[in-house]
Amino acid sequence: MSGDTILEVRDIDVFYGSSQIIFGASFTIEKGQCMALLGRNGAGKSTTFKAIAGLASPRSGEIILGNRSVQNLKPHNIARMGIGYVPEDRQVFPEHSVVDNLIVGAKSGANGDSYWTLERIFEFFPLLADLRNRAAGKLSGGEQQLLSIARTLMGNPEVLLLDEPSEGLAPIIVAQIGDLIRQLQSMGATILLAEQNLYFCLSVATHATVIDNGHVVYCNSIDALRDNDDIKKRYLAV
C-alpha cells in the first residue's frame, strides 16, 4: 500500500453458499477520495460493500484498512477499526427517536477521535435537529437516508461506505445528498459510494471503479470515465 492508501481490496472472491458473486475484485482508495463503485443492478456492488464491512467474508483475497487486514473479522470489530457502513435499505430503528438512533451509532474513531458529536451532527444536518424527537419510522425516505448517514458519522469512521444513497429518492433529495457528499469531501472525508446513477456520481465522485457480473472492469478518475463513451455504453447504459 502507498502512504496515502487507506483501503485496499485485493483479488477477493465472495460467495453466497455455492454461488460465486465476486471474482478477483481489486481496487484501492486513497485518503480524501470519493470513489464511485458503479455498475448495473446485480453487478456485485452491495456484495463488495458487505465484504468490506464483514457481512460477507471473502473466500480468498484480502481487504486491508490502513495497514491492517480486516477480512474474516466480525463486523463490529471492522466498524471499530474505522469502516462506517450506510446500508442500501437505511435500517433505522423505526420506533426510536432521531436522537436515540444517533446515540446508538456514537463511538470514538479508531484513533480515539470524536469529531462527530451530537451537537456537530445537528449543526451539519439542521433538518434532523428540527426532527430530533420524532420517531424514525415516521420520517420520509429522504429524511431516513440523512439519518442513516448521520448515525454512521456518529461512529467517526475512517472510510464511509454509502450503498445506493440516491435510490428511490425524489430529485430534490438526491441533490441534497449530493451537496452533503461534496461537503464531507471538502472536510477531508474518504467515501466509497455504490451507485447505478452515473450522472449523480459524475457530480460528486473523484474516482470510479466499474464492476460487471462480479468482475472489476475499469478503474480511473471520474474525469476519465466521463470521457470514456465505450465503458459507459458497455457497462453503465440502462
message = Under 3.5 Å, is there a donor on one side chain and an acceptor on the other for Thr5 and Thr28?
response = no

request  = State whether a side-chain donor-acceptor pair under 3.5 Å links Asn197 with Glu195.
outcome  = no

request  = Report yes or no: does Ser19 contribute a side-chain atom to a donor-acceptor pair with the main-chain N or O of Phe15 at less than 3.5 Å?
outcome  = no

query = With no hydrogens and no angle check, is any side-chain donor or acceptor of Asn101 less than 3.5 Å from a backbone partner on Val92?
reply = no

query = What heavy-atom pair brings Pro165 and Phe200 nearest, and what distance separates the two atoms?
reply = CG-CE2, 4.3 Å

message = Is the shortest side-chain heavy-atom distance between Leu65 and Ile83 below 4.5 Å?
response = yes

Minimum heavy-atom distance Ala194-Lys45, with the two atoms named = CB-CB, 4.0 Å

request  = Determine whether Gln176 and Ile172 make a side-chain contact, defined as any pair of heavy atoms from C-beta on separated by less than 4.5 Å.
outcome  = yes

key: Main-chain N/O of Ile22 paired to Gln20 side chain as donor or acceptor, under 3.5 Å   = yes

task = Say whether, by atom type as modelled, one donor and one acceptor occur between the side chain of Thr206 and the main chain of Cys34 under 3.5 angstrom.
result = yes

task = Side-chain contact test, heavy atoms from C-beta onward, threshold under 4.5 Å: evaluate it for Leu236 versus Tyr218 and give yes or no.
result = no

request  = Apply the test side-chain contact (heavy atoms from CB on, under 4.5 Å) to residues Asp100 and Phe93: give CA-CA distance (whole Å), side-chain angles for both, the deciding distance (0.1 Å), then the verdict.
outcome  = CA-CA 9 Å; Asp100 288 342; Phe93 297 100; over 6 Å; no

message = Is any side-chain heavy atom of Met154 closer than 4.5 Å to one of Arg151?
response = no

Min side-chain heavy-atom separation Tyr16-Thr47 under 4.5 Å = yes

query = Cluster question for you: counting only ILVMFWY and a side-chain heavy-atom cut-off of under 4.5 Å, with indirect links fine, are Ile173 and Leu146 together?
reply = yes

request  = Return yes if some donor-acceptor pair links the side-chain N/O of Arg134 with the main-chain N/O of Leu131 below 3.5 Å, else return no.
outcome  = no

key: Shared hydrophobic cluster, Val204 / Ile29 (ILVMFWY, side-chain heavy atoms < 4.5 Å)   = no

query = Counting only N and O atoms by type, is there a donor-acceptor contact under 3.5 Å from the side chain of Lys50 to the main-chain atoms of Leu55?
reply = no

message = Would Ile52 and Tyr85 count as a side-chain contact (heavy atoms from CB on, under 4.5 Å) here? Give the steps.
response = CA-CA 9 Å; Ile52 295 169; Tyr85 177 39; over 6 Å; no

Heavy-atom side-chain contact between Leu225 and Ile222 under 4.5 Å = yes

inquiry  = Under a 3.5 Å distance rule, please check whether Thr48 uses its side chain to pair with a backbone N or O of Gly44 as donor and acceptor.
reply    = yes

message = On a heavy-atom basis, which atom in Met81 and which in Ala110 lie closest, and how many Å separate them?
response = O-CB, 3.4 Å

task = Assess whether atom NZ of Lys74 is packed by more than 12 heavy atoms of other residues, nucleotides or ligands within 6.0 Å.
result = no

ask   = How long is the span from the CG atom in Leu162 to the CD1 atom in Ile177, to the nearest 0.5 Å?
value = 8.5 Å

inquiry  = For the backbone of His215 and the side chain of Asp212, can you confirm whether one donor and one acceptor N or O come within less than 3.5 Å of each other?
reply    = no

query = Which value, rounded to the nearest 0.5 Å, describes the distance between Ile191 atom CD1 and Arg182 atom CZ?
reply = 11.0 Å

inquiry  = Minimum heavy-atom separation for Lys31 and Thr190, please, with both atom names.
reply    = CA-OG1, 3.4 Å

task = Identify whether Ile63 and Ile78 are in the same connected component of the hydrophobic contact network (ILVMFWY, side-chain heavy atoms under 4.5 Å).
result = yes

task = Tell me, please, which residues at least two apart from Asp223 pass salt bridge (Lys or Arg N to Asp or Glu O under 4.0 Å).
result = Arg226

Approximate separation, where rounding is to 0.5 Å, of His96 NE2 and Leu147 CG = 12.0 Å

request  = Taking all non-hydrogen atoms of both residues into account, name the closest pair between Ser108 and Ser114 and its distance.
outcome  = OG-OG, 3.0 Å

inquiry  = Any donor-acceptor pair under 3.5 Å linking the side-chain atoms of Glu164 with those of Ser166?
reply    = no

ask   = Could you state the interatomic distance from CG (Asp89) to CD (Glu167), rounded to the nearest 0.5 Å?
value = 9.5 Å

task = Output yes when Asp230 and Arg234 qualify as a salt bridge under the 4.0 Å nitrogen-oxygen rule, no when they do not.
result = yes

ask   = When you check the side-chain N and O atoms of Asn133 and Ser97, is any donor under 3.5 Å from an acceptor?
value = no

ask   = Between Ile121 and Val98, is there a shared hydrophobic cluster once you connect ILVMFWY residues whose side-chain heavy atoms come closer than 4.5 Å?
value = yes

key: Side-chain heavy-atom pair Leu160, Leu192 within 4.5 angstrom cut-off   = no

ask   = Which distance, rounded to the nearest 0.5 Å, do you find between the OG of Ser69 and the CZ of Arg10?
value = 8.5 Å

key: Tyr235 six-ring centre to Arg40 NZ/CZ under 6.0 Å and within 45° of normal   = no

task = Supply the atom-to-atom distance Glu143 CD to Leu127 CG, rounded to the nearest 0.5 angstrom.
result = 5.0 Å

query = Distance-only, no hydrogens or angles: does the Glu8 side chain make a donor-acceptor pair with backbone N or O of Ile64 under 3.5 Å?
reply = no

ask   = Between Asp113 and Asn156, is there a donor-acceptor pair closer than 3.5 Å when you use the side chain of the first and the backbone of the second?
value = no

query = So Ile12 and Gln71, side-chain contact (heavy atoms from CB on, under 4.5 Å) or not? Walk me through it.
reply = CA-CA 10 Å; Ile12 63 169; Gln71 83 273 13; over 6 Å; no

ask   = Taking a hydrophobic cluster as the set of Ile, Leu, Val, Met, Phe, Trp and Tyr residues connected by side-chain heavy atoms closer than 4.5 Å, whether directly or through intermediates, do Ile103 and Tyr115 fall within one such cluster?
value = yes

key: Leu169/Gln145 under side-chain contact (heavy atoms from CB on, under 4.5 Å): CA gap, chis, key distance, verdict   = CA-CA 9 Å; Leu169 300 180; Gln145 184 65 276; 4.2 Å; yes

inquiry  = Less than 4.5 Å apart, side chain to side chain, heavy atoms only: is that true for Gln183 and Phe124?
reply    = yes

key: Minimum heavy-atom distance between Ala150 and Phe125, given as atom pair plus value   = CB-CE1, 3.8 Å

